[in-house]
Amino acid sequence: MSNELQNIKNRFGIIGNFPVLNRALEKAIQVAPTDISVLVIGESGVGKEFIPKIIHSESKRKHQPYIVVNCGAIPEGTIDSELFGHEKGAFTGATATRKGYFEVADGGTIFLDEVGELPLQTQVRLLRVLESGEFMKVGSSQVQKTNVRIVAATNVNMMKAIHDGRFREDLFYRLNTVQIDMPPLRERKGDIHLLFRKFSIDFAEKYRMPELQLEPGAVHYIENYSFPGNIRQLRNLVEQMTVVERNREITVEKLAEYIPMETHLPMVVNNQSTQKQSDFGSEREIMYKILFDMRSDINDLKSLTSELIKNRGTADLSNQEKNLINRIYSAEQTQPVSQNSLLYFEDKSPVVQSAPTIISNNDDSYEDIEDIEVEENRPESLSLQNNEKDLIIKALEKHKGRRNRAADELGISQRTLYRKIKQYNLED
């Protein structure tokens, strides 16, 4: 590190040796002797205000005025008057002629903080000053000249602001002759403890109290905290702890009370009332299980439809209902049916006949269960059938043959499970 850089750090109380920080300070020193405009980019609280101070102090203008203007803190209706001045009677309340910052700072430096918040009308006036050094007071037609060095800073995404029409592109390139980027504190992990110690000493002296000390675990904790408020947040933290804490040895637990560590872990929601636990770890098996459940539901709906038709008869069915039922069953017809078949209507679409199936076992008894037998020997369904069979076998083995629990495991009805056991010859 050069002696000049170290002298600048000592003079302005800048702590840290992060390479990006050093590069930003070096650029400020290099451009200081010139009159070119500088734009400082960085998040809120990173210390952007040090750059224009360094530039002004190292320039030939150092004996001339240095004015800081917070563009975001001045109301839109008065900012033109603040920057460029106004004539008496220019607006309500203008009881006297007033000089603006650009007139007062003639020969010196103006720091426009939060320049991204400037109104568009003011941006036009500022562009004229940058291009020709000319401006007019509010309410005046007389052109005045000024010779000022402009350093601007913002935490706004300027490219997005230009795209959204909130900032003039030509003004951006005028201000951004040289861009200096200030790194956020979370990228300067090695500097965080140094800053903590510096602030601790400063506030201990200010409040006449012993300085704070961090335990090793607390050092690791604070260096891994994100500090969204950057250096300003760290400074306020140290000041608060200096005043409040009686124990000057700061532990991890105590530090966590002030700055809880953020967690960005995915949350797992497990609602046992609506979800069944499954031991199937493979994604492919899970997908097959979903398809299996969907097909079982469709078969149950077909069976229910058959029951409803038998109870209602076919006389009350509309043509649309008949066409829908025939379309559902026609693709799975495996043998011819007669015109007397229950599910055979005027459009002559072949359908599947319902056949009574009686199922019983030792645990449960089901009698006269009407079901729809769907043939599943098409080539595209063979792989699904094999995986379906494997899932049923796993569930039965896990629950030692208790079919009611196996059905709950698979998420299907017991009737459907009994039918699948018979289909795949899995009888005990």
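We find that E397 and K394 are not joined by a salt bridge, their nearest charged nitrogen and carboxylate oxygen being 4.0 Å or further apart. Salt-bridge formation is not detected for the pair K189/E223: no Lys NZ or Arg NE/NH1/NH2 atom is positioned less than 4.0 Å from an Asp or Glu carboxylate oxygen. Using a cut-off of 4.0 Å between Lys/Arg side-chain N and Asp/Glu carboxylate O, D35 and R61 are scored as salt-bridged. Looking at K145 and D106, no side-chain N of the basic residue comes within less than 4.0 Å of a carboxylate O on the acidic one, giving no salt bridge.
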Practice task
Give the intermediate values and the outcome of side chain to side chain contact (heavy atoms under 4.5 Å, CB included) for residues R128 and F84.
Solution key: CA-CA 12 Å; R128 183 179 181 184; F84 308 107; over 6 Å; no
Exercise for the section: Could you go through the side chain to side chain contact (heavy atoms under 4.5 Å, CB included) check for E117 and I79 one step at a time? Expected result: CA-CA 11 Å; E117 305 296 333; I79 191 167; over 6 Å; no
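Residues R174 and S37 are not in side-chain contact: their nearest non-hydrogen atoms beyond the backbone lie 4.5 Å or more apart. Residues Q233 and L237 have side chains not in contact (no heavy-atom distance under 4.5 Å, counting atoms from C-beta outward).
Listed by chain and number, the residues in a salt bridge (charged side-chain N to carboxylate O under 4.0 Å, His left out) with K160 are D164 (sequence neighbours excluded). Checked against side-chain contact (heavy atoms from CB on, under 4.5 Å), Y173 has the following partners two or more places apart in sequence or in another chain: E169.
Contacts classified as ring-ring contact (aromatic ring centres under 6.0 Å, His included) and involving residues 11-62 (residues at least two apart or in different chains) are given here: H56-Y66.
Shortest non-hydrogen contact noted between H86 and A94 is CD2-CB, 3.6 Å. For N22 against N17, the heavy-atom pair with the smallest separation is ND2-O, 3.4 Å. When all heavy atoms of V115 and C71 are compared, the closest pair comes out as CA-SG, 4.2 Å. Nearest heavy-atom pair across H193 and L214 is CD2-CD1, 3.9 Å. Contact record, T154 with E114: CA-OE1, 4.3 Å, taken as the closest heavy-atom pair. Nearest heavy atoms, A218 versus I250: CB-O, 3.5 Å.
Within a 6.0 Å sphere centred on CD of E257, heavy atoms belonging to other residues, nucleotides or ligands number more than 12.
Between atom NZ of residue K27 and atom CD1 of residue I29 there is a gap of 13.0 Å, rounded to the nearest 0.5 Å.
Ring planes of Y225 and F227: perpendicular class, angle over 60° (limits at 30 and 60°).
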